[in-house]
Structures are given as C-alpha cells and as structure tokens.
Amino acid sequence: MPLNEQLQARYLQLVEQAFLSGNAVERESALNAVAQLGRSLLPTQVTPVDIVSLHQTALERIAQQQPDWHISEIAGHILVPLLELTSAHSMAYQEMVQAKHDATLAAHREQASRLEALGVLAAGMAHDFNTLLGSISGYAELSHGEMPHGGAGHEYLHQIEVACQRAQSLIRRMLDFAGQRSGPPSRQLLALQVGEALELLHPKLGSRFRLQWSNLMPDAQVIAEEGQIQQIVLNLCINALDAMPHGGLLQVRLQPAAQLAHIPAGHESHAALVVADSGCGMPPEVQARVFEPFFTTKAPQGSGLGLSVVYGIVRRLGGEIILHSQSSGPQTGTTFTVFLPTEAHQTEGG
Ligand SMILES: Nc1ncnc2c1ncn2[C@@H]1O[C@H](COP(=O)(O)OP(=O)(O)OP(=O)(O)O)[C@@H](O)[C@H]1O
Ligand SMILES: [Mg+2]
C-alpha cells in the first residue's frame, strides 16, 4: 500500500532535519521521531518496497537541494534514519505477531478448561440418565407381556423403546466426549483407519460431492482404541457434507505436521489429518462454540455432539485440533486439522 502524503512529508522533513542539523540533540530527536513513525506504519500494511521508495524520494529531494554533495555521500548520511524506520517497523510487527499468538494460546487454554468441566458434567449426567433409561426400557419390555394380544398398546410400547434406544445412543456419544467409554488401545495404521472411514462415507457422496483423499503418511501408526480414528474422520466429514448442501469438494489429507504453516507447539513431529470443505463456513461466534457438547446450528436433526466427541478423542490421544473457517467472501469453507502423535513404524515381530 503506498504511503499517504502526510506520512511521506513527515519522513522527508525528519530526514532533512537529521541530515542538515549540526546539533546532536536535534539529530537524536529527529531519529527518535523517525522510529515513532516506523511504529505507526504498522496498521497501514506498509511493505519493504514502500519504505525503500519513500527513502529514495527523500534521497532525491536532498540531492536536489544540496548540489555540492555527491549523491552517494548523501545516501551514506541518511542511512541511519532508514535503519531506524525499518527496525522500528519490524519490531512493532514482531510485537503484534507475538501478541496475537499469546491471545490465541490463552483462548485455547480457556476453551480446553471449559470443555473439561463440561466433560465432567456430561459424564455425571450421562450415567444418571443411563440408569433411568435402563429402567424405562426395561419396564416397557415387561409391559408387552401385560398387553392384550394385537392391541395398539404394543405399538406405543415399541415407540417408547425406540426413543430409549435413540437416547441411549446420545448418551454413548456423551460418554465418548467425556472419555468414559474406553476399550483397550492398540497400535493402528492411521491411513488404513482413515481409508475405512471414507469407505463408510461413500454412499453419502453421490455425484454432488467430489472427494480428494491424499495419503502422504502411509506408514504412520497411532495408539488408539478401536473405532476412534474412524469416528474422528466420519464426524468431520459428515459435518463437511452438511455444510455443502449444493455439493462441493471434500479434501482429506494425511501429512506430516511439519509440512504445515501453523503447528500448535509440541505437535511438530505429529501426523496431521486435514479435513477441508468448500462449504458455507462458520462465522466467528459459531467457531468459538463448535466443540461444546450440544452446540448445534442444525436443530432439531443435529444433536451437537459430533465435534465434542472428536475433541474428546483427540485430546485423549494426546493430540490437538484446530479449525480455520471463512464464512464470507469469494472462498468460503472450513478446514479442521487434527494433530496426532505417531508411533515409530515397527517391522513384523518388532
Ligand atoms: N465443516 C463445517 N462447516 C460449517 N459448519 C460446521 C462444520 N462443522 C461443524 N460445523 C458447525 O458446528 C456445529 C456443531 O457440529 P457438531 O458436529 O458438533 O454437531 P452437529 O453436526 O450440529 O450435530 P451432530 O451431533 O449430528 O453431529 C454444527 O451445527 C455447525 O454449525
Ligand atoms: Mg456433526
């Protein structure tokens, strides 16, 4: 972005002051003001090219005013203001990046502890509800024997049983989120699990969706419980399809985390499972809540448990999940990246 005229005029004035002044205090104050100017350039997204051309203009102007000086001598003299300007600008930039990074980290920690508390609550509720449902469905079953043969009562009891089954499956998902329904973990080939989940997804794809599956880590292994990886892939992919009611592109990628631009600290050597769609995306207020159990924008069909289950599994596997989404502009869509710790590949018998 070219610099506005006011900024240009101010820089010229300060460089002239630094160049012409015989007074050390005045020179120092001009240089300080240049540094301040450098910091103030930050929100204007100035590029190094803009700064060089700004400085070039100053050089040419002073050369015109001082015909006795050779241009290379002037260039040497006004190098200090240029250095002040660029280093102040780059320091301010680094500070801004660090502040953004700190804010993201803090938000992440806060979300993690909120979800942990919800997990404890969900697990407690799930156990109580499970007991109640067990008794409702048990009595419904017993009542069949008390009903007159062929009466409508059997159908009503059947409806009670169906509702109980649905409620029990919701409870299983709540327990998945809270990590209370575990089997023995085992070593699994990550790509194989992802491939199997995508096979299950196949009937849902039809001709409206294009699936791109790239596997750059065919040998990566993870320690996980049976079905956990498939559950992650399915929940993410089904959400992706839901977000593309008119069809679109679903990309699933397995690649070393180190190849990505944004890696959460500590996950550099992990595998990254990327699920990206070209769907409607999410506004920031939705992004902030997606991992909460029961948060859904798809009521009444959606239960809002899909992503909380994914979150629960990923955290228990020692991984991390991040989300990038764009809900307006020319390129809408969502990308979930799951970082998972991998085990060293073992040869047979090893
Ligand atoms: N890929 C996506 N694109 C856009 N929005 C998404 C995407 N994935 C999740 N969401 C948003 O996050 C919300 C929560 O997702 P989650 O999977 O937890 O529940 P759900 O899909 O609504 O219900 P279900 O329990 O059936 O999965 C969704 O309702 C939707 O608003
Ligand atoms: Mg879902």
Side-chain angles (χ1 to χ4, degrees), residues 107-108 111-112 114-119 121-123 125-126 129 163 165-181 194 197-198 200-201 203-205 208-213 227-253 272-316 319-338:
H108 218 81
Q111 188 186 45
R114 204 155 38 95
L115 290 174
E116 214 154 287
L118 274 171
L121 187 74
M125 277 172 57
F129 273 111
Q165 278 163 14
R166 184 162 149 64
Q168 274 161 340
S169 109
L170 283 178
I171 280 174
R172 275 196 293 278
R173 297 178 78 191
M174 278 169 76
L175 291 172
D176 277 336
F177 163 64
Q180 303 261 324
R181 204 170 71 95
V194 177
L198 295 179
L200 293 174
L201 194 73
K204 275 183 144 282
L205 292 178
R208 281 184 304 146
F209 300 107
R210 212 150 51 84
L211 168 68
Q212 267 177 12
W213 160 220
Q228 279 186 324
I229 302 297
Q230 293 189 4
Q231 176 121 62
I232 293 174
V233 177
L234 278 174
N235 289 6
L236 292 179
C237 287
I238 289 171
N239 280 346
L241 300 187
D242 287 347
M244 302 187 285
H246 308 296
L249 176 64
L250 170 64
Q251 290 173 293
V252 180
R253 225 167 29 248
L273 172 65
V274 183
V275 176
D277 66 59
S278 57
C280 58
M282 295 173 235
E285 62 276 14
V286 170
Q287 291 182 37
R289 299 194 56 196
V290 283
F291 297 115
E292 283 176 21
F294 303 114
F295 174 80
T296 181
T297 57
K298 304 178 200 163
Q301 290 89 358
S303 67
L305 283 169
L307 283 179
S308 51
V309 166
V310 170
Y311 182 91
I313 295 175
V314 170
R315 296 295 292 223
R316 280 195 302 286
E320 184 67 89
I321 180 165
I322 59 173
L323 134 77
H324 178 80
S325 189
Q326 186 98 29
S327 65
S328 58
Q331 275 203 319
T332 64
T334 300
T335 302
F336 282 95
T337 308
V338 175

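Residue numbers run from 1 in the order of the sequence given. Both ligands and their constituent atoms are indexed starting at 1 by order of listing.
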Q.
With a 4.0 Å cut-off on heavy atoms, is N235 in contact with ligand 1?
A. no

Q | ligand 1-proximal atoms of I238, by part, heavy-atom distance under 4.0 Å | A | neither

Q: Using 2.8 Å as a strict upper limit, say whether an N, O or S atom of N235 approaches the Mg ion (ligand 2) that closely.
A: no

Q. For ligand 1, which part of R173 has a heavy atom less than 4.0 Å away: the side chain, the backbone, both, or neither?
A. side chain

Q. So, do S303 and T296 sit near enough that their side-chain heavy atoms are less than 4.5 Å apart?
A. no

Q | Residue portion contacting ligand 1 (non-hydrogen atoms closer than 4.0 Å) for T296 | A | both

Q: Decide yes or no for L323 and V290: does some side-chain heavy atom of the first lie under 4.5 Å from some side-chain heavy atom of the second?
A: yes

Q) Among all protein non-hydrogen atoms, which one is nearest to atom 12 (O) of ligand 1, and what is the separation to 0.1 Å? A) V290 CG1, 3.2 Å

**Q.** Of the listed options G306, G304, P293, C237, closest to atom 23 (O) of ligand 1 (non-hydrogen atoms)
**A.** G304

Q. Can you name the residues that form a ring-ring contact (aromatic ring centres under 6.0 Å, His included) with Y311, not counting sequence neighbours?
A. F291

Q | Test item: L205 and L241 side chains (from C-beta on) under 4.5 Å apart, heavy atoms | A | yes

(Q) Counting non-hydrogen protein atoms only, what is the nearest one to atom 5 (N) of ligand 1? Give residue, atom name and distance. (A) M282 CG, 3.3 Å

Q) When you measure from atom 13 (C) of ligand 1 to every protein heavy atom, which one gives the shortest distance, and what is it? A) F295 O, 4.0 Å

**Q.** For the student: nearest non-hydrogen atoms of A197 and L234, plus distance
**A.** O-CD2, 3.6 Å

(Q) Is it true that, when you exclude Q212 itself, more than 12 heavy atoms of the residues, nucleotides or ligands shown sit nearer than 6.0 Å to its CD? (A) yes

Q. Looking at CD of Q228 and CG of D176, how far apart are the two atoms once the value is rounded to the nearest 0.5 Å?
A. 8.0 Å

Q: Could you find the nearest protein heavy atom to atom 31 (O) of ligand 1 and give me its residue, atom name and distance?
A: T297 OG1, 2.4 Å

Q: Between S303 and ligand 1, find which residue part has any heavy-atom pair under 4.0 Å and reply side chain, backbone, both or neither.
A: both

